[in-house]
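Since the model is a prediction, treat every value here as computed from it, not as a measurement. In what follows, every heavy atom counts, from backbone to side chain, and hydrogens, waters and symmetry copies are set aside.
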Amino acid sequence: MQHAYPYIPDYSTFTFPQEDFEGPVVDAAGHVLYILLTEKRSFGSDTTTITRYNGDVVAVIEWGSLSQWKRRQVVFTDTTIRASDFLSKRNFWSSVKGFRTGDGRDLFWKRLECYDAATRTTVASYGRRKNRLFRKDSPATLAVLRTYCDPRILDSILISALLMEKKRQEQETGGDGGDGDGGGGGDGGGGGDGGGGGGGC
């Protein structure tokens, strides 16, 4: 199996499926860490279920629809959080979006880089899928600092990365997003308890 990602010391790189929201997310050795299953619905909100390799459900993202008055939200086993609360803007004009991990760390995305709010360390980097005319498409990647690969942290980084990428795609295509993006505030939500699973970092 060939992988299209750069080697970054001290980081573990995870490769998304060719379809960003449908299929396995694998590590450098080709081991499946997560499976993304997207259901498209004619009525109601499309959903993406994030499952660990052992079958445990991490969360379900309900993508929502403005035309159907359905907000984007993240559904955990014990709570449901609006996407704009899970991943909140610092202010209305800011492109920086922060979130809280399952172990209580405050992280934030600035464009394609994710930082620890306390240390300003770059903890993750998202590489977007590249469509190529004469070569095989290059899938999206997520490089995560190995010390942040604990499932309680990694789950939250993955969910936030999916939310960010979906928003970028909608802005590029003028799509119908239902995230209620003016939201914000709160503590950015948690990533659930992230218990068990993980590995591969």
Enquirer: Answer yes or no: is there a side-chain heavy-atom contact under 4.5 Å between Gln169 and Arg128?
Expert: yes
Enquirer: Residues sharing Leu37's hydrophobic cluster, by side-chain heavy-atom contacts under 4.5 Å among ILVMFWY, directly or via others?
Expert: none
Enquirer: What distance do Thr48 atom OG1 and Glu39 atom CD have between them, rounded to the nearest 0.5 Å?
Expert: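 Thr48 atom OG1 to Glu39 atom CD measures 9.0 Å (nearest 0.5 Å).
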Enquirer: Are Leu107 and Tyr11 grouped together when hydrophobic residues (ILVMFWY) are joined by side-chain heavy atoms under 4.5 angstrom apart?
Expert: yes
Enquirer: Applying side-chain hydrogen bond (donor to acceptor under 3.5 Å, both in side chains), name anything that partners Asp46, two or more places apart in sequence or on another chain.
Expert: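 Scan of Asp46 (side-chain hydrogen bond (donor to acceptor under 3.5 Å, both in side chains), adjacent residues dropped) gives none.
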Enquirer: Locate the shortest heavy-atom distance separating Arg100 from Ser156; write the atom from each residue and the value.
Expert: O-OG, 4.1 Å
Enquirer: Do Thr101 and Asp150 have side-chain heavy atoms sitting under 4.5 Å apart?
Expert: no
Enquirer: Thr119: which residues meet the side-chain hydrogen bond (donor to acceptor under 3.5 Å, both in side chains) condition with it, sequence neighbours left out?
Expert: Thr121
Enquirer: Evaluate the side-chain contact (heavy atoms from CB on, under 4.5 Å) criterion for residues Asp116 and Tyr148: first the C-alpha distance (whole Å), next the side-chain angles of each, then the deciding distance (0.1 Å), finally the verdict.
Expert: CA-CA 10 Å; Asp116 188 312; Tyr148 286 72; 2.6 Å; yes
Enquirer: Of all the heavy-atom pairs spanning Ser160 and Trp109, show the shortest one and how long it is.
Expert: OG-NE1, 2.7 Å
Enquirer: For Phe16 and Glu165: C-alpha separation, side-chain torsions, deciding distance, then whether side-chain contact (heavy atoms from CB on, under 4.5 Å) applies.
Expert: CA-CA 12 Å; Phe16 286 85; Glu165 178 58 19; over 6 Å; no
Enquirer: Does the side chain of Phe108 come within less than 4.5 Å of Arg120's, by heavy atoms?
Expert: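 In short, these two side chains touch, coming nearer than 4.5 Å.
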Enquirer: CD/Glu170 to NZ/Lys166 distance, rounded to the nearest 0.5 angstrom?
Expert: 5.5 Å
Enquirer: For the atom pair OG (Ser84) and CZ (Arg71), what is the distance rounded to the nearest 0.5 Å?
Expert: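 Nearest 0.5 Å value for the OG-CZ distance: 6.5 Å.
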Enquirer: Should Thr122 and Cys114 count as side-chain neighbours, where that means a heavy-atom distance under 4.5 Å?
Expert: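 A side-chain contact under 4.5 Å is absent here.
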Enquirer: Let's go through Leu162 and Ile50 carefully: what are the C-alpha distance in whole Å and the side-chain angles of both, what is the deciding distance for side-chain contact (heavy atoms from CB on, under 4.5 Å) to 0.1 Å, and is it a yes or a no?
Expert: CA-CA 10 Å; Leu162 292 173; Ile50 305 167; 3.7 Å; yes
Enquirer: Charged N to carboxylate O under 4.0 angstrom, Lys110 versus Glu113?
Expert: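 Salt bridge absent between Lys110 and Glu113.
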Enquirer: Within the distance-only criterion (no hydrogens, no angle test), does the side chain of Glu22 pair as donor or acceptor with the backbone N or O of Thr38 below 3.5 angstrom?
Expert: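 Answer holds: yes.
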Enquirer: Keeping Arg129 on the side-chain end and Glu19 on the backbone end, is there a donor-acceptor pair under 3.5 Å?
Expert: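 Not at all, since once roles are kept as given, no pair shorter than 3.5 Å links the two residues.
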Enquirer: Looking only at non-hydrogen atoms, find the nearest pair between Gln73 and Glu62 and report the distance.
Expert: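 The pair with the smallest heavy-atom distance is NE2-OE1, 2.6 Å.
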Enquirer: Taking all atoms of both residues into account, what is the closest heavy-atom pair of Ser45 and Trp63, and its distance?
Expert: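 Heavy atoms of Ser45 and Trp63 come nearest at OG-N, 3.0 Å.
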Enquirer: Any chain of hydrophobic side-chain contacts (each under 4.5 Å) joining Leu112 to Leu158?
Expert: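 Linked, Leu112 and Leu158 end up in one cluster.
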Enquirer: Is there a path from Val60 to Ile81 through hydrophobic residues (I, L, V, M, F, W, Y) whose side chains come within less than 4.5 Å of each other?
Expert: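 In one cluster with Val60: Ile81, no.
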Enquirer: So, Thr80 side chain and Val75 main chain: donor-acceptor pair closer than 3.5 Å or not?
Expert: no
Enquirer: Give me the one residue out of Ile157, Val26, Leu154 that meets side-chain contact (heavy atoms from CB on, under 4.5 Å) with Phe14.
Expert: Leu154
Enquirer: Near Arg168 CZ, under 6.0 Å, is it more than 12 heavy atoms from other residues, nucleotides or ligands?
Expert: yes
